[in-house]
Structures are given as structure tokens and as C-alpha cells.
Amino acid sequence: MLALKLLLRTGFEYVEDCFDIIFGAKWNPFYQLGALGWFYYWIVVVSGLYLYIFFDTGVTQAYESLEYLTHEQWYAGGIMRSLHRYASDALVVMIVVHLLREFAMDRFRSARWFAWITGVPMLWLVFAAGISGYWMVWDQLAQYIAITTAELFDSLPFFGESIARNFLMDSKLSGRFFTLMVFIHIAVPLFMLFMMWIHILRHASPKVNPPKELAIGTFSMLLILSFVKPALSQAPADLKIIPATVNLDWFYLPVYPILNDVSGITVWITLILATIFLMFIPWMPPGKKTPVAEVHLDNCNGCSRCAADCPFSAISMEPRTDGSNYKLEAVVDADHCVSCGICVGACPTATPFRTKSNLSPGIELPEDKIAELREKTIAASEKLTGDDRVLVYGCGKSLNPAEITNEEVGVVTMPCIGMLPPSFIDFVLSKKLADGVFLTGCRDGDCSYRLGIKWTDARLASERDPHIRKRVNQDRIGKYWAGLTRSKQFFNELTAFRQRLKKLSLLETETAAESKQSSEKVDV
Amino acid sequence: MFKLRYILGQIIAFIPFAMGIGYFSDSPSYTYHDPEKALIMVSFSHASEHKDECRRFSQEELSAMAPNMRRPMDCSRERVPVYIELMMDGQNLLSQSYNPTGLAKDGAASIYESIPVEPGQHEISVKLRDSSRESGFDYEGNVSINLDAKELFVIDFRKDHNGFNFQ
Ligand code: SF4
Ligand code: SF4
């Protein structure tokens with residue numbers, strides 16, 4: 001399982017690297033799978049609403065009304081129908097890839113079980129919505145789906161009367177089935193929307209909209225596809241004739257051919273076991289829960305920055321309980337906290353300039369204390385020699401520090417780069433522990449803890465508290481978001497950074513010498 | 001400049017995605033029934049007779065019962081299996097027993113069989129036993145049919161509608 005996950009993760013990262021070149025990190029669809037899912041969902045809803053206006057729910061009229069939309073009103077109804085179909089297919093692709101990717105990247109552990117577990121039922125819902133949709137067309141595919149689905153339900157021991165029998169003779173076919181299908185086809189997506197909302201409930205600033213350019217790109221793709229290959233019905237259903245050959249939508253109906261060879265009950269058991277297995281993945285070994293962030297009220301001034309930066313909405317600001325003059329205090333919800341440390345990076349009291357004995361910030365991770373980070377920083381820099389000494393701060397989800405460390409480069413890692421308070425960079429440079437500080441972590445746009453890179457970039461650019469101090473020479477800060485796979489580019493960037501540092505040192509020595517000379521002249 | 005590169009990139013990447021979606025949304029087609037054959041379906045549910053005959057309670061038995069539980073007849077709930085035999089042109093296509101449904105075996109037996117056959121003229125004979133008799137049948141139906149390829153022929157059974165019903 002671990003090997004499979006690593007293989008999947010490496011595979012994803014290599015493919016995503018290619019997509020970074022093609023789309024750019026900002027538009028890379030792999031970093032927007034959830035948001036794209038939402039986008040496809042809305043296309044399906046809007047196009048579905050249009051189709052519903054013209055759709056006739058009678059047994060015989062359903063097919064005709066869709067034929068009218070497809071052929072007579074091809075420019076609107078036909079396009080809407082095609083968009084409805086293709087966006088639904090794209091939605092299935094997004095959901096499956098999203099699930100595989102979150103699994104590969106290990107993003108389901110600790111408090112993230114919630115998003116995982118609320119995502120799994122979505123698979124059932126999306127298939128139920130899709131299958132009921134194909135049923136409503138009442139063409140030969142619908143006839144096949146109706147009989148096969150009914151047979152699948154008949155294989156369960158709860159139904160006394162066979163449902164499939166209703167689809168063998170026209171005389172037995174009831175309009176009520178159609179009403180039921182329409183109901184399912186509307187109710188299931190509505191319930192799905194509710195589940196999608198629950199799914200992202202614990203995420204601060206959830207990504208529900210893809211970047212505009214990607215949205216335009218993907219919508220244009222669906223639109224062009226709708227013109228080039230309009231979605232069509234198959235021949236009308238006729239219960240006296242076996243369709244024999246059907247054009248399956250393989251995104252929604254891959255299970256159906258299996259039912260020809262395997263009993264319905266076996267399929268049910270397999271599907272249910274697979275769902276239970278998926279549900280339990282967050283608790284599979286090695287599922288050690290790391291201790292969650294702790295608030296030290298003695299040092300918390302109630303500034304709310306930790307709450308604003310926590311990507312998992314795990315911190316709330318509550319009225320003070322320790323009688324201090326501050327109004328609020330940070331409170332961590334242990335069930336939501338994933339121990340990323342991003343809150344520590346946001347806390348103004350997490351600074352290495354404070355004396356070692358008093359280095360307990362308002363909030364910190366019990367297993368990655370700020371005092372330890374300071375010690376590691378000093379220890380890593382002590383070994384460095386030369387005039388291009390670099391201290392790399394990296395996250396535990398990206399490059400292996402052992403590969404990077406040498407005489408000129410020291411490495412300090414933490415759960416997420418968002419845990420690094422900007423004051424540490426100031427500390428390293430002002431105390432001359434290194435000539436430059438280089439930051440790395442997951443790939444740009446794909447922080448394992450969602451917002452670590454975003455907040456780090458914003459803090460360095462002084463766009464978000466805590467800002468980096470003005471006195472810090474930004475030329476001595478480098479960064480490259482490498483992930484697991486981009487070690488070659490990482491080393492290229494690091495080498496280039498060190499060359500810049502060398503030049504900078506040279507320039508500074510020359511400037512210092514010149515100013516010394518001119519001051520000597522003045523003295524003379 | 002970069003944007004143009006990424007826009008071109010999007011176009012290049014979306015073409016195979018669109019082709020994939022367009023293709024797999026209705027292809028490859030799937031054949032689940034031999035198009036050269038017709039299909040006979042035997043499909044109905046039928047409540048067979050009870051396993052044991054009803055018997056009248058004796059006076060002693062009745063007086064031993066609580067007044068609100070007294071009833072004249074003692075009938076077992078369990079039903080016998082439904083046995084069906086289907087012959088086509090003298091050839092046996094189906095001979096099978098179907099157990100009654102329900103935990104107490106008191107429900108109707110459900111029969112749902114599909115049998116692909118060659119198209120053409122056929123003599124169909126179907127027999128059903130739903131009582132505890134050892135041999136022979138309680139219902140029989142015969143029909144002469146001419147089936148086309150892919151045609152569905154349904155054999156239904158309804159006790160209250162003279163037994164077998166062919167469609
Ligand atoms: S470590 Fe801090 S930022 Fe990360 S989830 Fe926990 S409370 Fe939120
Ligand atoms: S950022 Fe630090 S000081 Fe501010 S509320 Fe959070 S724990 Fe307290």
C-alpha cells in the first residue's frame with residue numbers, strides 16, 4: 001500500500017511537472033481538481049435546468065422532447081444537452097483523479113479524515129445522478145440501463161416483487177417510474193451539493209472556483225466538443241426488441257458490462273466492501289496522529305493572526321479565560337488541527353530574537369517547538385563555511401534534507417514552510433549565521449497543507465502579517481517550491497542563488513572598501 | 001508572453017482530454033446480447049400452495065386457546081416450491097424449482113430467466129407445478145411463435161388470468 005502510494009505520488013508529480021510547463025503553476029488543473037469539480041457541477045446544473053424546461057416526463061414523450069431539443073433546437077437545447085453530458089463526464093474524471101491524488105499525497109490523515117470521508121459518498125451520488133439521467137432519455141441505452149439496474153436491485157433480498165419485470169412489457173411500464181427517475185435526477189444532485197458543502201466545511205478559504213483563465217479554457221473545450229460531437233439519443237426504447245448493442249457512457253456505466261458475467265449480489269458486495277475500505281483509509285497504518293497545536297496563554301495577545309492563517313479552521317478566538325487584559329485568546333480545536341504549524345508562522349510572539357529561556361510563543365506544536373527550530377537553525381549554520389553559506393528552510397513533504405546538506409548549505413525542516421516565522425530569516429541574516437536563506441516546500445500552487453506557500457509568499461512580500469522586517473536584504477532570500485520531483489531544478493536554483501550571494505558579498509566588500517577609502521580621504 | 005504560451009498549452013492539453021471525454025461517453029459500444037438471437041424470458045412471481053393442507057382445530061384445541069387467538073383452521077404458512085419446465089420444439093430449455101420468498105417461506109416464488117434462442121418458428125410448451133403433488137403439472141401452456149432476431153418473447157403467468165400468458 002505504501003509502495004503503491006509512493007508510486008502514485010511520484011507519477012502524479014512527474015505528470016504535474018509537465019502540466020506546470022504547459023499550463024503554468026497557477027492554471028495547472030491538477031492543483032485545481034476540487035475547484036474544477038465544482039465548476040463542472042455548476043455547468044451540469046445550469047444546462048440541466050435549461051433541459052428541464054423543455055423535457056416532457058411522459059413515457060413516450062420523453063424521447064421526443066429530447067429529440068426536439070437535440071435536432072430542432074440544436075443551437076441551444078442541443079448544445080445544452082451536450083454540455084450537460086460532457087460536463088458530467090468531466091466531473092466523474094475530476095472526482096476520481098481528485099480522490100486518487102489526495103490518497104497519493106497522503107492528504108487524508110489526522111483531522112483531514114473529515115474531508116475524505118465526506119468525499120467518498122459523493123462517488124455513489126454522482127453515479128446515481130448520472131445513471132438516472134441516462135434513464136430519462138428512454139432510448140435503447142435507457143432500456144438496457146433500466147433492465148440491468150432493476151436486475152441489480154432484484155438481486156438484493158429485500159425486494160419481494162421483481163422490479164425488472166416492469167421493463168419487459170410496454171403494458172407494465174408505468175409513468176410513475178419516470179416521475180421517480182426525474183425526482184432522483186433532481187434530488188440526488190441537490191443532496192450532492194449539500195455534501196460538497198460539508199466536504200469543504202472545515203477548510204478556510206476553500207478553492208471552489210478555478211482560476212478564470214482555466215475556467216474559460218475548460219468551458220471552451222466543452223463547448224467546442226458539444227458542437228463537434230453533439231450528444232445524441234440512441235434509437236427509441238422498444239421493450240419488444242432487445243437493443244443487443246448499446247453505446248455505453250464508460251464514465252458512468254463501467255459496472256454494467258460486469259453484470260453480464262457476475263451475479264448482482266457479488267457486485268453489490270464488492271461495491272459495498274470497496275466503499276467501506278475507502279472510508280477506512282484515513283485510519284490505516286501508519287496513521288499516527290501528531291500532537292496538535294497548543295496555545296500558551298502567557299504569550300498569547302489575542303491578535304487573531306493564527307486563526308486567520310489556519311487553513312483548516314481549527315482555531316477560534318474566544319473570550320479570555322486567564323483574567324489578562326487582552327480581550328480574546330486563541331483556542332485550538334483538536335479535531336480539526338492537522339499539526340501543520342502554519343499558525344506558529346503567523347504568531348508574532350514566535351520569534352528567535354527572544355531569549356532562549358523565554359522562547360515559548362503564543363501557539364506552537366509540541367513536537368516542533370520554536371525553541372528547537374532556533375537550536376536547529378544555529379546548529380545547521382555552525383557547520384557552514386565560505387562566503388556563500390546558505391541555510392535552507394524546507395518542509396517535511398518535499399526534498400530529502402540529506403541530499404542537500406553540505407559544507408556550504410545547511411538544512412532545517414519543519415512540517416510546513418508556512419510554520420516559519422519571517423523573523424527567523426531576519427535572525428539568520430542579522431546574526432550572520434548564513435549569507436543567505438533559501439526556502440523550499442511543496443510545489444507552487446499545491447501546498448500539502450493548502451495555504452502554507454501562499455501565506456509564506458505573502459509574508460515575505462509584506463502583504464500579510466507577520467511581515468518580514470524592512471531591514472532584511474531581500475536579495476539574500478531565495479526560494480524554489482520543489483516538491484518531491486524537482487530536485488534538479490532545485491539545485492540549479494540553489495546554485496544560482498549562491499552565485500548571486502557571492503557577487504553580493506563581493507559588491508558589499510568593494511562598497512565597504514570604497515567608503516572606507518573616501519572616509520580616510522575626508523579625514524586626511 | 002507567458003500567458004500566450006500557457007493559452008497555447010491549454011489548447012494542446014485540452015484537445016486529448018476533450019477527445020477522451022467525447023469518445024468514452026458513447027464508445028466503444030457494448031454487445032450484451034447476440035444480435036443474431038431472439039430472447040425468451042420467463043418472468044413472473046407466483047404464490048404456490050401451502051405445504052400442508054389446512055385442518056380444522058378440534059374443540060379441545062380451541063378451548064385450550066386464549067379467546068382472542070381462536071380461529072377455526074390451522075394452516076401452515078410455508079409454501080411449496082414452484083417447478084417450471086419449458087420445452088421448445090421438444091427440446092428442454094428450462095426445468096427448475098423456485099423456492100418461495102420470505103423467512104417463513106410464505107411469500108411468492110420469483111422467476112426471472114432469460115434464454116437466448118435461434119430466431120424462427122418454434123413450438124413452445126411450458127408447464128408449472130405449484131402444489132405438493134409428486135408428478136404431473138398444475139398448469140400448462142402451449143404456443144406457436146415466429147421470432148425475429150433480437151425479439152423478446154415474454155412468458156408470464158397469472159393464476160387469476162387462466163395461467164400462462166405469452167407476449
Ligand atoms: S497546526 Fe495550527 S494552522 Fe495547522 S491546522 Fe493546527 S491550528 Fe491550524
Ligand atoms: S497569533 Fe499568537 S498571539 Fe496572536 S492570537 Fe494566535 S497564539 Fe495568540
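These numbers come from the heavy atoms of this one structure, side chains and all, not from hydrogens, waters or symmetry mates. These figures come from a predicted structure and were not determined experimentally. Chain identifiers are assigned alphabetically (A, B, ...) following the order of the sequence lines, protein sequences preceding nucleic acid strands; residue numbering begins at 1 within each chain.
The line from CZ of A/Arg486 to OH of A/Tyr480 is 4.5 Å long, rounded to the nearest 0.5 Å.
Ranking B/Phe14, B/Phe44, B/Phe17, B/Tyr23 against chain A, the residue ahead of the rest is B/Phe14, based on heavy-atom pairs under 4.5 Å. Annotation: maximal heavy-atom pairing with chain B below 4.5 Å, among A/Val228, A/Asp154, A/Ile216, A/Leu214, occurs at A/Leu214. The candidate with the highest count of non-hydrogen atom pairs below 4.5 Å against chain B, out of A/Thr245, A/Asp249, A/Asn247, A/Ile242, is A/Ile242. Between chain B and the residues A/Leu222, A/Asp238, A/Leu168, A/Leu232, the largest count of heavy-atom pairs under 4.5 Å involves A/Leu168. If you tally non-hydrogen atom pairs under 4.5 Å between each of B/Gly107, B/Pro28, B/Ala13 and chain A, the highest count goes to B/Pro28. Taking chain A as the reference chain and counting heavy-atom pairs below 4.5 Å, the highest number among B/Gly9, B/Ala38, B/Gly102 is found for B/Gly9.
Taking 4.5 Å as the limit, every side-chain heavy atom of A/Asp89 sits out of range of all side-chain heavy atoms of B/Phe24. Contact annotation: the side chain of B/Glu113 never approaches that of B/Met41 to less than 4.5 Å [non-hydrogen atoms, C-beta and beyond]. Here the side chains of A/Leu66 and A/Arg81 are in contact, with some heavy-atom distance below 4.5 Å.
At least one donor-acceptor pair under 3.5 Å links the side chain of B/Asp138 to the backbone N or O of B/Asp130. Side-chain atoms of A/Thr148 never come within 3.5 Å of backbone atoms of A/Ile145 as a donor-acceptor pair (strictly under, hydrogens ignored). The backbone N or O of B/Gly22 sits less than 3.5 Å from a side-chain atom of A/Lys229, completing a donor-acceptor pair. Without hydrogens or angle criteria, B/Asn165 side chain to B/Phe157 main chain gives no donor-acceptor distance under 3.5 Å.
Both the backbone and the side chain of B/Ile21 have a heavy atom closer than 4.5 Å to some heavy atom of chain A. If you measure heavy-atom distances from A/Leu259 to chain B, you find no contacts under 4.5 Å at all. Proximity to chain B involves both the backbone and the side chain of A/Pro243, based on heavy atoms less than 4.5 angstrom apart. Contact of B/Gln167 with chain A is made through the side chain alone, with heavy-atom distances under 4.5 Å. Residue A/Thr218 touches chain B through both its backbone and its side chain, counting heavy-atom pairs closer than 4.5 Å. Looking at B/Ile11, neither its backbone nor its side chain comes within 4.5 Å of chain A, counting heavy atoms on both sides. Neither the backbone nor the side chain of B/Asp148 comes within contact range of chain A; no heavy atom of the residue lies under 4.5 Å from a heavy atom of that chain. With a threshold of 4.5 angstrom between heavy atoms, A/Leu239 approaches chain B through N, CA, C or O but not through any side-chain atom. In this structure, the portion of A/Val93 lying under 4.5 Å from any heavy atom of chain B is its side chain and not its backbone. Contact of B/Tyr32 with chain A is made through backbone and side chain together, with heavy-atom distances under 4.5 Å. Contacts between A/Arg165 and chain B at a heavy-atom distance below 4.5 Å involve backbone atoms as well as side-chain atoms. Looking at A/Glu151, only its side chain comes within 4.5 Å of chain B, counting heavy atoms on both sides. Contact annotation for A/Asp261: neither backbone nor side-chain heavy atoms come within less than 4.5 Å of a heavy atom of chain B.
A donor and an acceptor atom, one from each side chain of A/Tyr256 and A/Thr149, are located under 3.5 Å apart.
Residues A/Phe153 and A/Trp268 bring their aromatic ring centres within 6.0 Å. Here the two rings, on B/Tyr6 and A/Phe23, have centers that are 6.0 Å apart or farther.
The number of heavy atoms from other shown groups lying within 6.0 Å of CD (B/Gln121) is above 12.
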